[in-house]
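As structure tokens, the structure follows; a few thoughts come after it.
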There are 2 protein chains.
Amino acid sequence: MEWHSTFARSLIVDDPGPRPPGGVRADARRSRARLLAAARTAFAADGVEASFNEIARRAGVGPATLYRHFPRREDLIAAVVGESLDEVTALAGDLLTCTDPVAALRQWITALVDHIRRVRGLADEIARALAVPDSTLGRHCTATLAAARALVTRLQRSDRLRPGLTSDDLVTMATAIAWATDHGAPGDPDARADHLIDMLLHGAVR
Amino acid sequence: MEWHSTFARSLIVDDPGPRPPGGVRADARRSRARLLAAARTAFAADGVEASFNEIARRAGVGPATLYRHFPRREDLIAAVVGESLDEVTALAGDLLTCTDPVAALRQWITALVDHIRRVRGLADEIARALAVPDSTLGRHCTATLAAARALVTRLQRSDRLRPGLTSDDLVTMATAIAWATDHGAPGDPDARADHLIDMLLHGAVR
DNA sequence: ACCTGAACACCGTTCAAGT
DNA sequence: ACCTGAACACCGTTCAAGT
């Protein structure tokens, strides 16, 4: 059946053009690359809610082409920030060799917060993706959560984690701190994030 | 001068209609009331980003009338949620008589988080307003911050607050927790907020 | 003084039509 | 298979014109 329709089309349809080994047509590859570059610029300038039509225009393609490559906004976001988020995920593994498990957690949360803060509005997308694991960005977040779990398990084993807390709680609060330090409050946002991470780890009262 | 133009207009312009003691024309009062009712419904249904045109339509007035009464979206939000935010502010004063200063802080932060969570997207507006005190919503927030300061000073006096923390830090994190528990994560959001407040107060590690 | 509703420039998204 | 660009329904916001 599959064969039949393919054969029939091969007799009728024109040559679809050169195909690289990956199986993706050359013009599609080009469009995708241009879209990603335009999205990177737009997200850096206007945050994650940058205009889709504008991104397509700046990439020199029609809006429908953008939708063909990235059906939901989340897909485009994942394509732009997914790799660097994966780097943060990988960092968690490296930090497992760190002698002090609390220092390891602190360093990792700082890296996560810094990453989320690099694109305005990304905290909202991450929070959404954490709740919907079966999505493009959600899959990256699931990996991040798994990495966090390893760090947290190590804390539990050395009895340094407050009972009842989960790795989800920590990632959620890291995202919340990234959100809070991304709203143009006066002062250095980096220092402010650091300060809030301190409060998160050691508490407000005693 | 003032007198002159007023006199001149009184000769030319038609009777502007009945004026209540407040100095506001009756139709304006009516429009304002209908707009607020429509906004309350719309915010409850769609959150704080509900369509302005739709609110005007449901209030039975033109869009420009909405803008005349509430020039910026923030003004409408402040008119809708300002009073109940003031109630939270007032609660801080009542809680100063509470014997345990930590319990007082906990109860107040819980009330603040619950309030912000009652309207979707309000956390973003509050965060923005905290950074811009000279705005409609900002003035309410300034009062809230002042109230928080009293609770925090009491904590400091009994040496129960971690050194280096400010009332701003606590309000910021309360807003962040409200934001984090407003993103449709699985589970009961009330319980989740409570859990995160615990972590905020007592810390993640030890 | 206040309201009206048409209008503007934009937005996200989809479509039939092309190659 | 992929791209095009016109089109749709919406949005926030402003305007000249009315009463």
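Residue numbers begin at 1 in each chain, while the letters A, B, ... track the order of the sequences. Predicted model, so just to flag it, every value in this text is computed and none were measured.
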- Touch check for A/Y67, heavy atoms < 4.0 angstrom, all strands: base, sugar-phosphate only, or nothing? base
- Message: Under 4.0 Å, heavy atoms only, any strand: does B/A50 hit a base, just the sugar-phosphate, or nothing?
- Response: sugar-phosphate
In this structure, how many angstroms lie between the [atom2] atom of [N] and the [atom1] atom of [X], rounded?
| X | N | atom1 | atom2 | value |
| --- | --- | --- | --- | --- |
| A/E74 | C/dT13 | CD | C1' | 17 Å |
| B/R57 | D/dG12 | CZ | P | 13 Å |
| B/F52 | D/dC10 | CZ | C1' | 16 Å |
| B/R34 | C/dC3 | CZ | C1' | 13 Å |
| B/F70 | D/dT13 | CZ | C1' | 17 Å |
| A/L35 | D/dC2 | CG | C1' | 13 Å |
| B/E54 | D/dG12 | CD | P | 10 Å |
| A/L66 | C/dG12 | CG | P | 9 Å |

Which one, [options], comes nearest to the side chain of [X]?
| X | options | value |
| --- | --- | --- |
| A/R25 | D/dA1, C/dC15, C/dC3 | D/dA1 |
| B/D27 | C/dT4, C/dC3, D/dG12 | C/dC3 |
| B/P63 | D/dT14, D/dG12, D/dC2 | D/dT14 |
| A/V24 | D/dC2, C/dC2, D/dT4 | D/dC2 |
| A/A64 | C/dA6, D/dC2, D/dT4 | D/dT4 |

So, OP1 or OP2 of [N]: does either fall under 4.0 Å of a side-chain N or O from [X]?
| X | N | value |
| --- | --- | --- |
| A/R68 | D/dC2 | yes |
| B/H69 | C/dC2 | no |
| A/S51 | C/dC10 | no |

- Task: Kindly say whether the aromatic ring centers of B/F52 and B/F70 come within a distance under 6.0 Å.
- Result: no
- Whom does D/dC10 pair with, Watson-Crick or G-U wobble, provided both distances fall under 3.5 Å? none
- Message: Applying the Watson-Crick and G-U wobble criteria at under 3.5 Å, what pairs with D/dC3? Answer none if nothing qualifies.
- Response: none
- Pairwise 5' ranking along DNA chain D for A/G62 and A/N53, keeping only the more 5' one: A/G62
- Mapping A/T65 and B/P71 to their closest nucleotides on DNA chain D, which lands nearer the 5' end? A/T65
- Closest heavy-atom contact between B/R73 and B/A50? NH1-O, 2.9 Å
- Do the side chains of A/Q156 and A/L165 get nearer than 4.5 Å, heavy atoms only? no
- Message: Assess, by modelled atom type and distance only, whether the side chains of A/R128 and A/S135 contain a donor and an acceptor separated by less than 3.5 Å.
- Response: no
- Query: With a 3.5 Å cut-off and no angle check, do the side chains of A/T172 and A/D169 form a donor-acceptor pair?
  - Reply: no
- Query: Do the side chain of B/R160 and the main chain of A/V205 share a donor and acceptor less than 3.5 angstrom apart?
  - Reply: no
